Structure formats: C-alpha cells, structure tokens
Amino acid sequence: MSGNRDTPAMRQYDAFKQRYPDCVLFFRMGDFYEMFDQDALTVSRALGLTLTERSPGIKMAGVPYHSVETYLHRMIAQGFRVAVCDQVQDPREAKGIVERAVTRVVTPGTLVDDAMLDDGASNNLAAVCFLDAGDTPEGRVGGAVVELSTGAFSLFDCPAGALVDELARRSVSEVLFAEPTGREESPTTPPRVERVLRALGVPGAPRPSWHFRAAEALEAIYEHYEVATLAGFGLTEHDPAIPAAGAVLRYLRETQSIDESHKPTSAGFSSGASIALQLRPRSLTHIAPPKRDNPSDYLQIDAASLRSLEIERTIRAAAPASSSASGGRTTTDGSLIGVFASPGRACRTSMGKRLLREWLCRPLADRSAIEARHACVATLVDAPPMREALVEALSGVQDVSRIIARVGLWRATPRDLVALGRSLARVDVIAATLESAHAFQHCHAELLAVREALAPVAAEIARVCVDDAPAHLREGGLVRPGVDPALDEARHLQHESGQWLAEYQKTLVERYELPSLKVGYNKVFGYFIELPAAQARRAPDQFTRKQTLKNAERYITPELKEYEEKVLSAGERALAREVEIFASLCAAAAAQAQATARFAGVVATLDVLACFAQIAAHKRWVRPTLSEEPILDIRQGRHPVLDDLLGSDFVPNDVTLGDPAAESPARLALITGPNMAGKSTFIRQVALLTILAHAGSFIPAESALIGMTDRVFTRIGADDALHAGQSTFMVEMVETSSILHHATDRSLVILDEIGRGTSTLDGLALAWAIAERLSGAEESRAPARVRTATPRTLFATHYHEMTDLADRLPDRVMNLQVAVREWGDQIIFLHRILPGRASRSYGIHVAKLAGLPPDVVRRAGALLESLSVSHGATRSPTASPAASGNAQLSLFTEYLQHPAMVELKEMNLDHLTPLQAFDTLRSIQQTLKTADDR
Ligand code: ADP
Ligand code: MG
C-alpha cells in the first residue's frame with residue numbers, strides 16, 4: 001500500500017505541488033507548515049528536521065508556523081526556492097477542506113524582508129540571455145538586474161567571457177536563464193550557464209524560453225510600465241538587454257502575486273489581519289524604469305581584482321559565494337570598505353552603506369562627475385558645522401528604499417510605515433543643511449522636487465499613527481485615538497468592559513445576596529460568573545452552568561452572553577478598521593514609490609559624501625587632482641587599511657609613473673626587494689588610492705595627481721581556484737592573458753610575483769616577456785605591428801634579474817626597490833620605496849627570520865657564496881634575458897641534482913601534515929649534513 005494519498009488535504013497538496021515543481025512547498029496545516037515526499041527529505045536534510053510519516057509511504061517533515069521565517073532564511077541561504085502555501089480561510093468557517101493559496105514564493109533573488117537581508121549589501125536578481133548560438137567568449141549576452149527590495153533596475157550587455165565579472169560586481173544571488181527548448185520534460189542547464197552559476201556560486205532558475213523572445217519581452221515591459229514605447233527610458237526596442245528585462249519582470253510578477261488559479265473566495269479578517277493583507281493585489285510600482293549601464297561610465301574592476309584588492313571583504317573572510325550571496329553577513333574588517341566603517345564616521349543609513357559599497361566597487365570613469373563628488377566632499381571638509389548638521393539630519397532616516405518596496409508588496413509592518421513617515425518628514429531638515437552650498441545644488445533641487453509628493457504622505461502617517469507603533473497588526477494599536485470615529489467607538493466598548501463587568505457583578509451580588517460571586521473572563525470560555533462550590537446550590541435559575549472547577553462553579557447568563565458577543569465583535573471590528581486604515585496609508589505611500597526612491601537616492605548620496613568628508617577631515621586625507629594624461633604622481637601615499645592598523649608606524653611612499661617631466665618618464669616600474677619588505681603593500685596601495693580617487697573620495701597622501709583610469713587590473717598572490725578545475729598557475733596565466741588583451745593606455749596594472757607558479761626559468765622568461773609587452777617595447781609587438789597598449793604598470797617581482805630591463809628600455813621601464821638596512825647579518829625592513837634595484841634577494845635572511853634552524857641557514861649562506869663565485873657575476877648590466885637565462889639554467893641543474901633537492905621535489909605538499917613537514921625538513925637537513933661531512 002502506498003499510503004493514503006486520496007484524502008482531500010493530500011489532493012489539495014498535490015495540486016499545489018504540481019504548480020510549483022521547482023519549489024519546496026511549505027504547506028500550512030494548523031500550527032505547522034508541513035512538507036511531504038521528496039520535499040520532506042530535502043528539508044529534513046537541509047534543516048536537520050525529523051522525518052516522519054503522515055501515513056505509511058508518505059514522508060513528512062514540519063516546522064512550527066511562528067518560526068517559519070527562520071527556516072525560510074536557512075532554506076534560501078542554501079539556494080532553495082520555497083512556495084509558502086497558507087490557509088486563507090478561518091478553519092471554523094470551512095465547509096469541507098479549508099481553502100489555501102500560495103501567498104508567496106521566496107527565492108534568493110527576490111527577498112524583501114529585513115530579517116533575510118543584509119542592510120549593508122544589496123541583493124539582486126539577474127536574468128541573462130545569450131544572444132548567439134555558439135558557446136564562445138565573444139558571443140553577446142544581454143542582462144537585466146533588479147533589486148526587488150529597493151526597485152533598482154539596470155540593463156547591460158557584454159561578451160559572454162565577461163559575464164561573471166558583470167554579475168559578480170552587481171551582487172547577484174539568483175540568475176534566470178532560458179530553459180533549453182525541446183526538453184521541457186527534464187530541463188538541463190546549458191553548459192555556458194552552468195559555468196557562470198558555478199563561478200558565482202549562486203543558484204539559477206530556468207524559465208520558459210518564450211519569456212526571452214523579443215516580442216514577448218517587450219510586451220511584458222510595456223505592460224508593466226503602461227507605456228507603448230521605450231523611448232522615454234532612453235532605450236530602443238532592439239536593445240540586446242530587452243529579452244532579459246522582459247523575463248525578469250515576468251518572474252517578479254509571477255513570484256509576487258497570489259496564485260490566480262487558487263484565488264480564495266471567502267478570505268475574511270477572521271483569518272487574521274496579516275493574511276488578509278497578503279491577499280491584496282501587490283504592487284510592483286516601486287520597480288524603477290530600466291536604466292542602461294554603460295561600461296564606459298565606470299572604472300572597471302574585474303571580479304578577481306575586487307577580491308585580491310580586498311575592497312569589499314578580506315580574502316580570509318571571503319565566504320563561499322553561495323552563502324554570502326543570500327543574506328550572509330560579510331566581514332569588512334581589514335577591507336577597504338571597513339576603513340569607512342569606523343564608529344562615529346560611518347554612513348548613517350543603510351542606503352548609504354549600500355551605495356558606499358557600490359561606489360567603491362564601481363567607481364566612476366567620467367572626470368567631471370568625479371570632480372563633482374570631490375567638490376562636495378571638499379565643501380563638507382571645509383565647513384565642519386555644515387557637515388555635522390547634515391550628518392545629524394541624515395541620522396533619523398530609515399531604510400526607506402526597502403520599506404517602500406515592502407509597502408507595495410503588503411509585507412510592511414506598522415513600524416515600517418511609521419518609520420517611513422518619519423523619514424520622509426526629514427526632507428526639509430536635510431534640504432535646509434544644503435541651502436547655500438554650491439556643490440550640493442543638484443541634491444538640494446532634487447529634494448525640493450520630491451518634497452511636494454512626500455510631505456503629505458509623511459504628514460498623514462504622523463497624524464494617523466501612534467509614535468510607538470506595534471511590531472505587527474495582529475493586536476491593533478497603530479491608529480491614534482480621535483482619528484476614526486468607528487474605531488474609537490469599537491475601542492470604547494472594549495475598554496469599557498472592565499467597568500461594565502464590575503457593575504454587573506455588583507448588581508448580581510446585591511440582587512441575589514451572594515457576596516462571593518465574581519464575574520471573570522478567560523480565553524477559552526469567555527465571560528463567566530463564578531460561585532464558590534459551597535454557594536453553588538444558591539445559584540438562581542437564570543444561571544446556566546458552564547464549567548465545574550474543584551472549588552467553584554462557573555455560569556453564564558443570557559445578558560452576559562450578549563455582552564460578550566458585543567465586546568468580542570467590537571474587538572474584531574476595531575482590528576478590521578485598523579487594517580483598513582493601515583492599508584489605505586500603505587496605498588497612499590505606494591503611490592509615491594518613485595518620489596520615495598528619488599528621495600532615497602539623494603539621502604544615500606549625501607550619506608556617502610558625508611562619510612567621505614568625515615574620514616577625510618579626521619584622517620587628513622587630501623583631494624586628488626585628476627588629469628587626462630596617463631600619469632600617476634602620489635606623494636607620501638599611505639595604504640588606507642594598514643595606515644589605520646599601524647598608525648605612525650606606517651611608512652608613506654611616493655610613486656611617479658608616466659610623467660615626462662620626471663627623472664624617468666617610464667609608465668612601468670619594477671619593484672624588487674626582499675620578501676616582507678613591503679612590495680605587495682605598496683602596489684596594492686597605489687591601486688586602492690586610484691580607486692578611491694575615482695569613487696569620489698579624498699585619499700591618504702600629501703598630494704596626488706591621478707590620470708583618468710578606465711580599468712584596474714591586478715594579478716596578486718596565489719589565489720587558488722582549484723575548485724574551478726584550474727591549477728594556480730593556469731589561473732595566473734588566464735588572468736595575465738586577460739590583462740594583456742584588455743589593458744589600454746588608460747589602465748592601471750598591478751602585477752605581483754608573476755611567474756611564481758612554474759619553474760624558475762619558465763617563470764622568469766614569462767615575467768620578462770610580459771613586462772616587455774606592457775612597457776610597449778618593440779620586441780614584444782604583435783607581428784602585424786599593431787600598437788599595443790602601455791598601461792601604467794607596477795610589477796613586483798622577486799626575480800631581481802628582471803631589473804636589467806630598465807637598462808635596456810630606460811624610457812619605458814624604471815626600477816624601484818624597497819629599502820632595507822643590513823645590520824651585521826640581520827636585516828631591518830625600512831618599507832621605503834626608493835629608485836634603483838635590490839642588489840640581492842635576501843632570501844636567506846628572511847628564512848632566518850622565519851626560524852629556519854641556524855645550521856641550515858649557515859649552510860645555505862655558504863652554498864650561495866660558492867654558487868655566486870662559480871658563476872662569477874650572475875648579471876651584467878646589458879645581459880640579455882637569454883644570457884641570464886643560460887646562467888640560471890646551469891645554476892639550477894647543479895642544484896637540482898642534489899639529493900636534498902630531489903627529496904624536496906618529490907614531496908607532495910598537499911598531503912603533508914605540519915608534523916610530517918617538520919620531519920621531512922629534518923630529514924632534508926640530515927641529507928645536507930651528511931653531504932657536508934662527505
Ligand atoms: P612583500 O610583498 O615585499 O613580501 P608585504 O607587502 O607583504 O611584503 O609586506 C609585509 C609586511 O610589512 C606587511 O604585512 C606590513 O605589516 C609591513 N609593511 C609593508 N609596507 C609597510 C609600510 N609602508 N610601512 C609599515 N609597514 C609596512
Ligand atoms: Mg608580496
């Protein structure tokens with residue numbers, strides 16, 4: 001027997017399940033949400049729930065309804081989609097099976113509830129549409145990205161090869177794609193989609209392919225915005241992003257509306273105020289008109305650089321993308337964003353926090369737009385009272401962009417509404433702080449423009465709602481007394497009941513001479529008259545016995561029953577009135593969704609500018625000067641994060657690239673110096689300062705002249721992407737190749753220890769050729785003599801042989817070194833960048849610092865000396881790379897034959913425990929010693 005499936009409830013369940021095959025269905029039964037069959041297995045595994053059986057063969061698991069949000073959160077964080085099926089009828093009123101409806105579909109990319117979102121990070125839904133049939137990196141892709149929780153909506157298109165970068169920088173947590181046609185039976189994810197999803201670590205959702213057809217997509221857009229052309233949005237009907245835009249809108253409509261096929265007929269307020277609200281038609285009017293993202297408007301930072309420059313989070317803290325994408329909190333300590341999060345100087349609003357992240361991850365490329373931001377920051381730096389007034393004015397503004405979204409979707413709480421009203425009311429205070437500041441003219445005008453639409457909403461909310469709103473509407477208490485006569489009357493009845501009962505009790509006591517008679521109330525039995533058991537026989541005939549307790553009897557009278565009904569229905573009436581009033585306030589606010597979004601935009605902008613100014617004033621950062629020339633001239637620059645950490649111990653440094661008036665006009669600098677000297681810190685610092693300047697911030701330096709930059713490329717450290725099936729060296733070369741292909745004369749390239757992932761000879765040769773190409777030297781030109789780009793480049797390397805390049809290409813390459821002082825056989829790191837080359841690599845000194853046994857260090861010193869002697873001067877100023885390569889070759893063949901080296905070579909580092917590593921080290925040492933003794 002396969003269990004009893006043929007019950008009304010299971011039939012209803014099966015019908016819903018069929019409509020939501022790709023969702024886990026949470027099916028409300030009494031006080032639980034139940035999951036059945038495969039869903040039960042899935043959730044029991046995902047949430048660690050006990051698996052039971054509803055009847056033999058029907059697996060079941062459940063979660064209590066009052067904590068469903070927590071479970072939903074955990075399901076979404078694991079990439080599941082959940083359809084929530086509620087009871088939409090009072091079970092007491094149901095004839096037969098209680099009516100149910102799917103009231104929401106919760107997916108990682110469509111979250112709106114505060115509890116599921118990180119207030120400092122945006123959470124976006126994307127749709128992508130591959131426009132070419134072939135699977136090549138050059139094929140075009142159209143994309144649409146929407147944030148349901150704020151209404152932001154943007155379109156882009158890019159080559160398939162850049163899709164991961166485009167989506168990664170937009171914090172996407174769910175990707176819609178067209179299901180391959182002809183196999184609706186078992187939809188599979190196309191390989192090119194699969195690769196993107198895997199790289200991003202986010203779930204994908206296949207959608208019917210017709211959603212992505214141009215005509216149908218346009219129809220969805222026209223319908224949503226009630227327009228007949230896209231001209232008003234500055235878009236054409238042939239825009240490559242249209243298919244994705246249409247598909248994303250259809251998806252929102254589908255997930256955010258109540259399932260039409262099961263529209264309940266009798267949902268009343270008795271089913272609970274929140275359900276009643278949920279069943280109202282939802283409005284997506286807060287979704288802004290689509291805006292096209294023009295890549296050339298932004299300084300582009302690819303996903304690998306965002307990660308390795310630790311802009312949003314540190315590499316250590318970087319959680320796997322899948323868990324951080326959907327609501328996971330991110331650690332900002334040690335990241336660039338973290339610098340702006342210091343208490344007292346951080347952004348005041350959640351909207352500001354999110355915009356700050358966006359500004360840092362997508363700085364501007366347009367000089368005048370950046371300079372406008374700098375001018376605002378300068379104004380605030382120079383006028384502390386204005387700065388303080390602005391910060392103060394912003395402090396009271398809640399997350400209105402997310403609140404207005406919830407308002408339209410009927411997921412706002414009474415507290416949300418009151419917070420919205422209070423926030424909108426601040427428009428005047430904020431505008432007043434900007435009054436006479438020229439740099440803020442635009443913001444000021446924008447505030448005045450939305451004021452007219454928002455002030456009435458704010459005033460109405462303030463007039464109607466109490467200051468201290470209840471968390472939810474279940475018990476009422478949102479509307480002030482004196483606002484609504486019907487509500488007041490119903491409430492009066494409720495409040496009067498205490499007095500009425502006291503009087504009724506008094507009357508009965510006197511009439512029947514029963515001094516111990518009491519009138520009371522409890523939730524289960526309602527109102528009752530209570531007599532001690534001893535007096536029960538004196539109860540008059542009108543008393544109907546209701547309940548017998550140990551020492552007392554409880555009764556009811558027709559009079560009391562009537563009163564009870566009046567009071568209880570008054571409670572219901574009052575609540576219904578409040579829901580009505582709340583709903584009409586929400587509707588009025590939702591009607592101003594677009595004005596509210598504009599207000600939110602200005603607040604966020606002001607908040608970030610104020611934060612920039614606070615940091616700049618407090619840390620004495622300077623305003624960078626921008627230039628159209630590909631130049632970089634930073635005096636006494638500091639690493640923003642390390643500067644915070646080390647304070648006055650941090651050593652500031654200069655850098656000058658591409659300045660024809662400087663000692664070297666070279667755009668490429670090679671930085672050499674021992675390990676731990678500060679090479680990586682220095683080159684990252686230059687990238688971070690360039691990014692900060694383009695984001696509109698001041699920067700930690702004495703002065704800075706920064707040429708406009710189109711892209712920042714970095715290849716730093718051994719960032720291993722083994723999970724993507726590529727070796728570290730492969731990743732290194734893939735990234736370097738992308739740099740060589742895409743860097744322009746306006747780019748900034750940061751290379752750290754390129755070539756480390758392979759043998760020394762290979763590595764040196766590759767590093768040499770790459771540096772040569774980036775410097776624009778003749779030898780490396782492509783055969784067709786196309787002009788290759790010469791980006792500003794900082795190249796840190798431990799191959800000090802490479803410093804010869806500067807002798808061969810003095811106008812194109814310069815040498816910088818990190819100064820160290822030798823003190824006997826010790827070295828002291830000065831962290832100071834100076835012109836010139838490191839004379840040696842000091843590897844042995846560093847090994848000693850690291851605690852390598854002294855005899856090993858001594859032996860290595862001796863070996864080094866003998867090797868250097870046997871090769872004479874390993875480097876002559878004009879030696880060609882090939883020549884120094886040959887020297888290297890023989891040098892290394894000697895090394896490689898040594899038994900210790902053989903042992904080293906054969907070690908499998910991936911499978912060694914620290915203890916085994918130590919033992920191996922000891923054995924290598926032993927080998928060396930034995931060799932010594934021989
Ligand atoms: P390298 O890349 O040359 O091996 P790093 O850039 O990783 O060296 O720097 C090593 C350490 O030196 C850093 O962790 C930092 O603590 C310190 N350091 C680097 N640059 C500076 C500086 N300018 N001032 C003070 N300390 C620094
Ligand atoms: Mg380094």
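Note: hydrogens, waters and symmetry copies are ignored here, and every other heavy atom, side chains too, is used. It should be emphasised that the depicted structure is a prediction, and the values quoted were computed from it without experimental measurement.
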Where do Val193 and Phe130 land on the side chain to side chain contact (heavy atoms under 4.5 Å, CB included) test, with the steps shown first? CA-CA 9 Å; Val193 174; Phe130 289 82; 3.7 Å; yes

Could you walk me through whether Cys361 and Ile301 pass the side chain to side chain contact (heavy atoms under 4.5 Å, CB included) check? CA-CA 7 Å; Cys361 295; Ile301 314 172; 5.8 Å; no

Please report the C-alpha distance between Arg402 and Met351 in whole Å, then the side-chain angles of each, then the deciding distance to 0.1 Å, and finally whether the side chain to side chain contact (heavy atoms under 4.5 Å, CB included) criterion is met. CA-CA 9 Å; Arg402 283 188 173 166; Met351 298 173 290; over 6 Å; no

Take Phe80 and Val43, measure what side chain to side chain contact (heavy atoms under 4.5 Å, CB included) needs, and give me the verdict at the end. CA-CA 10 Å; Phe80 291 105; Val43 291; over 6 Å; no

List the steps and the verdict of salt bridge (charged side-chain N to carboxylate O under 4.0 Å, His left out) for Asp114 and Arg406. CA-CA 9 Å; Asp114 244 1; Arg406 290 199 289 272; 3.5 Å; yes

Walk me through it: do Glu254 and Arg19 pass the test salt bridge (charged side-chain N to carboxylate O under 4.0 Å, His left out)? CA-CA 12 Å; Glu254 203 176 295; Arg19 296 186 53 80; over 6 Å; no

Apply salt bridge (charged side-chain N to carboxylate O under 4.0 Å, His left out) to the pair Arg354 and Asp399, showing each step before the final yes or no. CA-CA 11 Å; Arg354 293 195 295 270; Asp399 199 345; 2.9 Å; yes

Salt bridge (charged side-chain N to carboxylate O under 4.0 Å, His left out) for Asp113 and Arg104? Distances and angles first, verdict last. CA-CA 12 Å; Asp113 291 294; Arg104 53 186 169 139; 3.6 Å; yes

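Closest non-hydrogen pair, Leu176 versus Arg207, comes out as CB-CG, 4.0 Å. Taking every heavy atom of both residues into account, Leu478 and Pro470 meet most closely at CA-CD, 3.9 Å. Of all heavy-atom pairs between Ala61 and Leu51, the closest is CB-CD1, 4.4 Å. Residues Gln12 and Val98 approach most closely at NE2-O, 3.2 Å, considering heavy atoms. Annotation for Gly62 and Leu49: closest pair O-CD1, 3.8 Å, computed over non-hydrogen atoms. Across every non-hydrogen atom of Val105 and Gln256, the tightest pair is O-NE2, 4.2 Å.
With contacts defined as side-chain heavy-atom distances shorter than 4.5 Å, the pair Leu148/Leu125 does not qualify. For the pair Arg250/Trp210, a side-chain contact is recorded, criterion being any heavy-atom separation below 4.5 Å from C-beta on. Arg54 is listed as a side-chain neighbour of Met10, based on a closest heavy-atom distance under 4.5 Å. Leu252 has its side chain within reach of Thr110: a pair of non-hydrogen atoms, C-beta onward, lies under 4.5 Å apart. Annotation: side chain of Val68 is not in contact with side chain of Val84 (no heavy-atom distance under 4.5 Å). For the pair Thr150/Ser122, no side-chain contact is recorded, criterion being any heavy-atom separation below 4.5 Å from C-beta on. Residues Phe918 and Pro914 form no side-chain contact, since every pair of their non-hydrogen atoms from C-beta on lies 4.5 Å or further apart. Within the 4.5 Å cutoff, side-chain heavy atoms of Leu409 are placed close to those of Leu284.
Taken from OH in Tyr251 to CD in Glu174, the straight-line distance is 3.5 Å, to the nearest 0.5 Å. The line from CG of Asp607 to CG of Leu356 is 9.0 Å long, rounded to the nearest 0.5 Å. Between the CG atom in Leu306 and the OG atom in Ser335 there is a gap of 11.5 Å [rounded to 0.5 Å]. The OG atom of Ser44 lies 9.5 Å from the NZ atom of Lys59; values are rounded to the nearest 0.5 Å. Distance check: Thr70 OG1 to Met116 CE gives 9.0 Å after rounding to the nearest 0.5 Å. Remark: His472 NE2 to Arg415 CZ distance equals 8.0 Å, nearest 0.5 Å.
Looking only at distances, no side-chain donor or acceptor of Asp37 sits under 3.5 Å from a matching main-chain atom of Asp39. At least one donor-acceptor pair under 3.5 Å links the side chain of Ser423 to the backbone N or O of Gln398. For Glu147 (side chain) and Asn123 (main-chain N/O), a donor-acceptor pair under 3.5 Å exists by modelled atom type. Judged purely by atom type and a 3.5 angstrom limit, Asp416 uses its side chain to pair as donor or acceptor with the backbone of Thr413. Lys17 contributes a side-chain N or O that, together with a main-chain N or O of Cys23, makes up a donor-acceptor pair within less than 3.5 Å. Panel note: side chain Asp86, backbone Arg28; no donor-acceptor pair is recorded below 3.5 Å.
Ring orientation note: the planes of Tyr13 and Phe27 are nearly perpendicular, at an angle over 60° on the 30°/60° scale.
Atom CG of Asn522 has more than 12 heavy atoms from other residues, nucleotides or ligands within 6.0 Å.
Under 4.0 Å is where a charged nitrogen must lie from a carboxylate oxygen, and between Glu312 and Arg169 no such pair does.
Side chains of Tyr65 and Gln87: no donor on one and acceptor on the other come within 3.5 Å.
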